[in-house]
Amino acid sequence: MDDPTALADPPTTAPNARSETIYRHRLATRLWHWINAITIFIMIGSGIGILNAHPRLYWGQYGANFDHAWLDLRPYGNILRSGWLTIPAGYNLAISRRWHLLFALVLGFGLLVFMIASLINRHFQRDLRVRAKEIGPRHLWADLLAHLRLDFHNPEDPAAYNTLQKLAYVVAIFILIPLMILTGLAMSPGMDAAWPWLIELFGGRQSARSIHFIAASGIVLFVIVHLTLVVLAGPIEEVWSMITGRWTLPGARSSEPPPPPLAEPEAAE
Amino acid sequence: MTLLTRRTLVTGGALGAGLLLSGCDKLAQQPGFRRILFSGEKINMGLQRALMDRNALAPEFTPDQMSPVFRTNGNSNPNTADYNRHVAENFANWRLEVGGLVDRPLRLSLTDIGAFPQRAQITRHDCVEGWSAIGKWQGPMLGNVLKAAGVRNSARYIVFTCADLWSGAPYYESIDMVDAFHPQTILAWAMNDKRVSVGHGAPIRLRVERHLGYKNAKYVMRIDAVSSLAGIGLGKGGYWEDHVNYDWYAGI
């Protein structure tokens with residue numbers, strides 16, 4: 001027996017399998033992804049804890065019990081106060097704030113470092129640049145239909161993000177998270193003294209608080225869609241690639257588990 | 001990917017998130033992690049102080065931007081025998097005591113307080129709970145009162161002791177000298193052009209505008225300059241700080 005592998009796999013697929021693993025996610029992307037996964041989780045849980053102290057939202061500079069609230073979440077108090085949703089599990093404004101305001105620093109400075117790293121390693125320019133032709137209605141429609149067919153990859157460039165995916169990442173990285181940070185800062189009375197433009201930017205502290213909540217809802221929506229698509233696209237390959245950076249091209253994946261290692265050929269004795 | 005593994009992964013993910021949530025609470029109870037969690041306050045304070053001009057002013061507003069109703073919160077009436085007597089006398093015999101690390105301890109009547117140069121400001125009151133109310137406050141700058149008392153260089157904090165009792169002990173708060181000498185830090189005796197009401201802290205309410213509501217102590221009876229917060233209350237610088245772990249630095 002000269003070639004043991006010849007017995008295990010049909011020769012047509014075996015030679016390609018290994019060469020179709022590519023380096024897809026750079027170190028900065030992977031680090032930020034996992035730090036952010038934990039940070040966003042903590043920010044949402046502790047944020048709901050803080051919201052529960054006064055679950056009413058207003059527009060403008062001021063807003064309290066006797067003013068008109070555009071959104072009153074008190075009817076949903078039982079859900080918003082459920083222990084599986086908040087950090088800490090029992091209502092404790094002080095401890096929710098401790099979590100929120102420490103991890104706000106991780107979120108803010110993490111985004112800053114990731115943005116600088118992604119400009120240097122050209123992740124933004126290479127992977128996230130949305131070209132004009134991509135956002136034409138016909139292209140977007142085709143992309144949407146492809147998503148509905150669970151067909152996420154362009155066979156000619158399978159590693160590239162598709163347009164809707166790019167737009168989701170661009171909205172999260174360049175709009176939602178920066179908006180969370182800026183509206184968060186605008187709610188700080190100290191920062192309003194240091195940077196009065198924060199309040200002018202959002203039209204008042206209560207408007208900033210409302211926008212903070214809306215952007216947070218956008219992030220929750222992003223997380224739900226993101227996790228759903230990870231599951232649909234092949235969760236083991238996707239999660240593994242976000243840990244190691246190495247990603248197996250969809251065409252090269254085998255649905256069977258790899259064959260067990262062959263016993264030593266008898267001829268070797 | 002078979003459905004079975006997919007389902008296992010989703011269930012595993014949900015379970016993992018649940019464990020992470022309850023793990024957060026367990027972590028927060030460990031002294032080592034709690035120190036890290038609570039270090040955010042000092043980092044945020046350091047960053048804000050580094051970014052902020054020492055005298056940077058909190059935003060001020062115009063009369064038409066004021067809240068139609070400025071709600072009360074916390075204690076809205078100390079209701080002790082002494083306090084009720086002062087209310088009945090319209091605070092005619094009430095005196096604000098200024099002491100601690102000062103060369104000339106003071107006992108100030110409302111007339112004395114009105115004789116200092118006055119500052120009026122329309123500012124936003126931000127409760128830690130999230131709501132805001134805009135009102136007009138007037139009174140002398142705390143810095144001028146401290147100068148009149150001859151505050152010593154060894155003073156690092158100003159402590160405010162109040163008339164309202166919480167579990168038998170008076171409410172108290174403290175600020176450092178940066179905030180004590182900030183131009184908008186005033187001892188307000190007037191709110192919205194009237195004497196401060198009992199609900200809002202009569203006769204004197206501290207306004208420290210770059211901080212959340214709980215720093216803006218109502219019913220101020222005594223002001224002490226001190227070198228350390230240790231030994232006052234439980235040593236964390238305020239009633240809420242002592243009892244429920246609110247941040248002492250409330251600029252955020």
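In the text below, chain A, chain B and the rest are named by the order of the sequence lines, each starting its count at 1.
Residues B:R156 and B:D176 are not paired through a salt bridge, judged by the lack of any N-O separation under 4.0 Å between the basic side chain and the carboxylate. Salt-bridge formation is not detected for the pair A:D192/B:R210: no Lys NZ or Arg NE/NH1/NH2 atom is positioned less than 4.0 Å from an Asp or Glu carboxylate oxygen. The existence of a salt bridge linking B:E60 and B:R119 is confirmed by a sub-4.0 Å separation between a basic side-chain nitrogen and an acidic carboxylate oxygen. The existence of a salt bridge linking B:K42 and B:D247 is excluded, since no basic side-chain nitrogen approaches an acidic carboxylate oxygen closer than 4.0 Å. Classification of B:E41 and A:R97 as a salt-bridged pair fails, no side-chain N sitting under 4.0 Å from a carboxylate O.
Ranked by heavy-atom pairs under 4.5 Å with chain B, the first of A:A104, A:G63, A:A194 is A:G63. Interface check for chain B: of the options A:P196, A:A89, A:G83, the most heavy-atom pairs under 4.5 Å are formed by A:A89. Each of B:A58, B:A250, B:C24 has some count of heavy-atom pairs under 4.5 Å with chain A, and the biggest count is that of B:C24. Put simply, of B:V69, B:V244, B:I43, B:L47, the one with the most heavy-atom pairs under 4.5 Å next to chain A is B:V69. When the candidates B:D126, B:I134, B:V128 are compared by the number of heavy-atom contacts under 4.5 Å with chain A, B:D126 comes out ahead. The most heavy-atom pairs under 4.5 Å with chain B, out of A:F41, A:F66, A:W84, come from A:F41. For the set A:R209, A:H54, A:Q206, A:R205, the entry with the most heavy-atom pairs within less than 4.5 Å of chain B is A:R205. When each of B:A56, B:S67, B:P59 is scored by its heavy-atom pairs under 4.5 Å with chain A, the top score falls to B:S67.
With a 4.5 angstrom heavy-atom cutoff, B:I36 touches chain A via backbone and side-chain atoms both. Neither the backbone nor the side chain of B:F70 comes within less than 4.5 Å of any heavy atom of chain A. Only the side chain of A:I199 comes within less than 4.5 Å of a heavy atom in chain B; its backbone stays farther off. For A:S46, no part lies near chain B; criterion is any non-hydrogen pair under 4.5 Å. For B:R49, no part lies near chain A; criterion is any non-hydrogen pair under 4.5 Å. Residue contact with chain A, scored on non-hydrogen atoms closer than 4.5 Å, involves the backbone of B:L57 exclusively. Only the backbone of B:M66 comes within less than 4.5 Å of a heavy atom in chain A; its side chain stays farther off. Of the two parts of B:Q184, neither the backbone nor the side chain holds a non-hydrogen atom closer than 4.5 Å to a non-hydrogen atom of chain A. Within the 4.5 angstrom heavy-atom criterion, no atom of A:L51 approaches chain B.
Donor-acceptor pairing under 3.5 Å is recorded for the side chains of B:Y249 and B:Q48. Donor-acceptor pairing under 3.5 Å is lacking for the side chains of A:E200 and A:W195. Judged purely by distance below 3.5 Å, without hydrogens or angles, the side chains of A:N52 and A:R81 never pair a donor atom with an acceptor atom. Defined by atom type and a distance below 3.5 Å, a donor-acceptor pair is present between the side-chain atoms of A:W247 and A:E238.
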One pair to check against ring-ring contact (aromatic ring centres under 6.0 Å, His included): B:W166 and B:Y239. What are the steps and the verdict? CA-CA 8 Å; B:W166 293 72; B:Y239 173 78; 5.0 Å; yes

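When the options B:W248, B:Y246, B:Y172 are evaluated for a ring pair (Phe, Tyr, Trp, His ring centres under 6.0 Å) with B:Y214, the one that passes is B:Y246.
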